[in-house]
Amino acid sequence: MEVLVIVVLLAVAWYWYDSSLAKEAAVGAARRACERHNQQLLDETVALMTVRPQRDASGRMRLLRDYRFEFSGDGERRSSGEISLLGQRVTGLNLSLENHTVYEQEDERSH
């Protein structure tokens, strides 16, 4: 029974650490995307929407996380964006700008 408790605690600690790294990567990528399109990332954060297991290009099981964030071009109107990470790598990002939506997708096989 004690071994099971230790395994569960280690799994929880790993998930927390891995999630922290993924969130930092998502915030950084969202900030850079906003800067590229002359937008301001609001609240300097992202919100986790979904987490699910998915295999990467090499067949390893990773967690695919989808985040949502808000940004603004004028400081008043809020627009939304989404970002996806497979493990710690950004695989997709979109910004809903005033006149169009920007989609950025990374081909995982190129790495």
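Predicted model only: the values in this text are computed from it and were never measured.
In the hydrophobic clustering of ILVMFWY residues, with side-chain heavy atoms under 4.5 Å counting as a link, Tyr67 and Met49 come out apart. There is a path of hydrophobic side-chain contacts, each under 4.5 Å, that joins Leu85 to Val51. Val46 is not connected to Leu42 by any chain of hydrophobic side-chain contacts under 4.5 Å among Ile, Leu, Val, Met, Phe, Trp and Tyr, and they are in different clusters. Residues Val12 and Leu4 fall within the same hydrophobic cluster, defined by Ile, Leu, Val, Met, Phe, Trp and Tyr side chains chained together at heavy-atom separations under 4.5 Å.
Across Ile83 and Ala26, no two heavy atoms sit closer than the pair CD1-O, 3.7 Å. Closest non-hydrogen pair, Ala22 versus Gly87, comes out as CB-O, 4.1 Å.
Residues His37 and Leu95 are in side-chain contact: their nearest non-hydrogen atoms beyond the backbone lie under 4.5 Å apart. Looking only at side-chain heavy atoms (C-beta outward), Leu64 and Thr91 come within less than 4.5 Å of each other. Between Thr50 and Arg65, the closest side-chain pair of non-hydrogen atoms is not below 4.5 Å.
The backbone N or O of Arg68 lies less than 3.5 Å from no partner atom in the side chain of Glu82, so there is not a single donor-acceptor pair. The main-chain N or O of Asp56 is never found under 3.5 Å from a side-chain atom of Arg60 such that the two would form a donor-acceptor pair. Ser79 places no side-chain N or O within 3.5 Å of a backbone atom of Leu97 that could act as its donor or acceptor partner.
Atoms CD and SG, from Glu70 and Cys34 in turn, are 11.0 Å apart once rounded to the nearest 0.5 Å. Expressed to the nearest 0.5 Å, how far OG of Ser80 lies from CG of Asn94 amounts to 7.5 Å. Rounded to the nearest 0.5 Å, atoms CG (Leu21) and CD (Gln88) are 5.0 Å apart. Distance check, rounded to the nearest 0.5 Å: CZ of Phe69 to OG1 of Thr45 gives 11.5 Å. From Leu93, atom CG reaches atom CZ of Arg32 across 10.0 Å, with rounding to the nearest 0.5 Å. Taking CD of Gln39 as the start and CG of Asp74 as the end, the distance is 8.5 Å to the nearest 0.5 Å.
Side chain to side chain, Ser20 and Asp18 fail the donor-acceptor criterion of an N or O pair below 3.5 Å.
Of the charged side-chain nitrogens involved, at least one lies within less than 4.0 Å of a carboxylate oxygen, so that Asp43 and Arg78 count as a salt-bridged pair. By the 4.0 Å N-to-carboxylate-O rule, Arg52 lies close enough to Asp66 to be salt-bridged with it.
Residues satisfying the salt bridge (Lys or Arg N to Asp or Glu O under 4.0 Å) test with Glu44, not counting sequence neighbours, are Arg31.
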